[in-house]
**Q** 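Below is one structure. I have some questions about it.
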Amino acid sequence: MSRNDRSSGKKYSGRQGGGQKKKSHARGNAPIKPKMEKSPLSNTEGIRLNKYIANSGVCSRRDADMYIAAGNVTVNGKSITEMGYRVKLEDDVRFDGRRLNPEKPEYILLNKPGGFFVTGNPEKGGRTVMELISRATSAKVSPVGKLDNQAKGLLLFTNDGTLAKKLAKPKNGIRQIYQVTLDKTMSKEDLENISKGVYIEGSKVIITSISFIEDKPHNEVGIELYSIKEHIVTRIFKSLGYEVESLDRVVFGGLTKKDLARGRHRNLTQQEVINLGMH
């Protein structure tokens, strides 16, 4: 290169074969990048987003990083593309619109004794069903459906929000069988009337079957239905002038009390979980 070339003010790159040097992105010439949402948590708080996704079972941490970078993940409604972003367990994390659960799904069946509250604030000195399963899991599980504090029988707990929501939908319903003790003997006529269906608040409740319990007085009745309305069994009998003295749920979906003593609990098998999901 001659001195005249240098003094002409033109700059050349040897790598470019004498051609003009390509435009540099330095000093403000770089293309504008989209603004990324920064994590509100410090490096020691919360859980890394890729680990949260991996724990939910969607994919590995490495694949999670790719999905995050591609914009497939939102946290509390905002798209997150920052590597190392941290979240809390209570955050709403979604992958392609589906909410994720970072905890291993837990499914616990309890044979509830009477005298334990299921939901709401118990009366002073009252006990809750959560005490009975406190050692079963460290996951944040909740009961599916309700039972009165004096009612007994099967109660399912899970942290699987998708399944819980599905089982709680009135249009789905779930098979339930109760053993009921009434305050007085039930007539065969009333038994037949209930079998035809009962109207509660203007809506007909379909009874799958109802019968006297074999070798028991006629104030003890077995009833099968799919309705999940609150206090539905008590309200059915009350509509015909009977008070329920004892209520025991012996079947919930395909689950039974077999080998499950009162006050005890067990984890569901994988097949039982699959069967429940088919309801």
Side-chain angles (χ1 to χ4, degrees), residues 103-160 163-164 166-168 173-183 208-234 236-237 243-279:
E103 296 180 320
K104 176 185 175 183
E106 298 275 2
Y107 308 89
I108 301 168
L109 185 66
L110 169 71
N111 186 353
K112 176 186 176 297
F116 286 79
F117 290 88
V118 174
T119 58
N121 295 320
E123 297 174 357
K124 188 175 181 180
R127 303 178 68 185
T128 71
V129 290
M130 302 309 295
E131 297 176 37
L132 300 173
I133 63 162
S134 61
R135 296 183 180 180
T137 178
S138 59
K140 188 177 180 180
V141 296
S142 300
V144 177
K146 298 179 180 180
L147 279 177
D148 292 340
N149 69 311
Q150 292 303 326
K152 308 169 186 176
L154 298 179
L155 187 61
L156 176 67
F157 297 80
T158 185
N159 58 347
D160 184 342
L163 178 63
K166 181 177 181 180
L167 296 178
I174 187 166
R175 179 173 178 251
Q176 300 167 80
I177 297 179
Y178 294 86
Q179 289 184 358
V180 185
T181 301
L182 304 171
D183 63 337
T208 306
S209 66
I210 183 171
S211 63
F212 295 118
I213 296 177
E214 189 174 358
D215 298 326
K216 296 288 184 178
H218 282 193
N219 69 326
E220 297 192 30
V221 179
I223 183 170
E224 178 182 349
L225 72 169
Y226 283 73
S227 175
I228 59 171
K229 290 183 177 180
E230 192 171 354
H231 312 302
I232 189 61
V233 176
T234 300
I236 286 172
F237 288 101
E243 294 292 334
V244 172
E245 292 187 340
S246 175
L247 185 69
D248 190 356
R249 182 156 62 192
V250 297
V251 172
F252 183 77
L255 307 174
T256 70
K257 298 196 302 178
K258 183 180 179 181
D259 300 327
L260 191 61
R262 191 79 72 195
R264 301 302 296 269
H265 56 78
R266 68 172 178 83
N267 294 317
L268 297 193
T269 66
Q270 184 176 3
Q271 188 59 53
E272 286 174 328
V273 174
I274 293 172
N275 294 343
L276 278 176
M278 296 173 64
H279 280 276

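Because only heavy atoms are used, hydrogens play no part in the values below, and waters and symmetry mates are left out as well, while side chains stay in.
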**Q** When rounded to the nearest 0.5 angstrom, what is the spacing between OG1 in Thr234 and CD in Glu243?
**A**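 Thr234 OG1 to Glu243 CD: 8.5 Å, rounded to 0.5 Å.
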
**Q** Is it true that a side-chain atom of Asn219 and a backbone atom of Leu182 form a donor plus acceptor pair closer than 3.5 Å?
**A**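 Confirmed, Asn219 side chain pairs with Leu182 backbone.
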
**Q** Find out whether Pro113 and Leu132 are in side-chain contact, i.e. whether some heavy atom of one side chain is under 4.5 Å from a heavy atom of the other.
**A** yes

**Q** As an exercise, state the distance from CD of Glu224 to OG1 of Thr208, rounded to the nearest 0.5 Å.
**A** 4.5 Å

**Q** Side-chain contact, heavy-atom cut-off 4.5 Å: Leu147 with Val129?
**A** no

**Q** Please check if the number of heavy atoms outside Lys229 that lie under 6.0 Å from its NZ is greater than 12.
**A** yes

**Q** Indicate whether any N or O donor in one side chain lies under 3.5 Å from an N or O acceptor in the other, for Arg249 and Tyr178.
**A** yes

**Q** When rounded to the nearest 0.5 angstrom, what is the spacing between CG in Leu110 and CD1 in Ile133?
**A** 7.0 Å

**Q** Please report the interatomic distance NE2(His218) to OG(Ser211), rounded to the nearest 0.5 Å.
**A** 10.0 Å

**Q** Can you tell whether the side chains of Lys257 and Asp248 come within less than 4.0 Å, N to carboxylate O?
**A** yes

**Q** Looking only at non-hydrogen atoms, find the nearest pair between Ala139 and Glu106 and report the distance.
**A**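 Looking at all heavy atoms of both residues, the shortest contact is CB-CG, 3.9 Å.
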
**Q** Does the side chain of Leu163 reach to within under 4.5 Å of the side chain of Tyr107, using non-hydrogen atoms?
**A**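 In short, these two side chains touch, coming nearer than 4.5 Å.
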
**Q** Can you give me the closest heavy-atom contact between Ser227 and Ile232, atom names plus distance?
**A**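 In terms of heavy atoms, the two residues are closest at OG-CG1, 3.8 Å.
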
**Q** If you round to the nearest 0.5 Å, how far is CD1 of Ile274 from OG1 of Thr269?
**A** 8.5 Å

**Q** For Val118 and Lys112, what are the C-alpha separation, side-chain angles and deciding distance, and is it a side chain to side chain contact (heavy atoms under 4.5 Å, CB included)?
**A** CA-CA 9 Å; Val118 174; Lys112 176 186 176 297; 3.8 Å; yes

**Q** Please tell me if the side chains of Glu272 and Leu109 come closer than 4.5 Å, counting only heavy atoms from C-beta onward.
**A** no

**Q** Above 12 or not: heavy atoms from other molecules or residues under 6.0 Å from CZ of Arg264?
**A** no

**Q** Between Asn159 (side chain only) and Lys140 (backbone N and O only), is there a donor and an acceptor less than 3.5 Å apart?
**A** no

**Q** Going from CG on Leu225 to CZ on Arg175, what distance comes out if it is rounded to the nearest 0.5 angstrom?
**A**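 Leu225 CG to Arg175 CZ: 11.0 Å, rounded to 0.5 Å.
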
**Q** When you measure from the side chain of Glu131 to the backbone N and O of Thr128, does any donor-acceptor pair fall under 3.5 Å?
**A** yes

**Q** Which heavy atom of Val144 sits nearest to which heavy atom of Ala164, and what is that distance?
**A**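 It is CG2-CB, 4.1 Å.
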
**Q** Flag the pair Gln179 / Ile213 as yes when at least one side-chain heavy-atom distance between them is below 4.5 Å, and no otherwise.
**A** yes

**Q** Is any side-chain heavy atom of Leu276 less than 4.5 Å from a side-chain heavy atom of Leu255?
**A** yes

**Q** Locate the shortest heavy-atom distance separating Leu260 from Asn111; write the atom from each residue and the value.
**A** O-ND2, 2.8 Å

**Q** Are Leu268 and Leu156 side-chain neighbours, meaning at least one heavy-atom pair lies under 4.5 Å?
**A**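 With C-beta onward as the side chain, the pair touches.
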
**Q** What pair of heavy atoms forms the shortest contact from His265 to Ala136, and how long is it?
**A** CE1-CB, 3.4 Å

**Q** Does CD belonging to Glu214 count more than 12 external heavy atoms closer than 6.0 Å?
**A** no

**Q** Does any non-hydrogen side-chain atom of Thr158 lie less than 4.5 Å from one of Val141?
**A**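 SC-SC contact between Val141 and Thr158 ruled out.
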
**Q** Say whether, by atom type as modelled, one donor and one acceptor occur between the side chain of Asp160 and the main chain of Pro105 under 3.5 angstrom.
**A** no

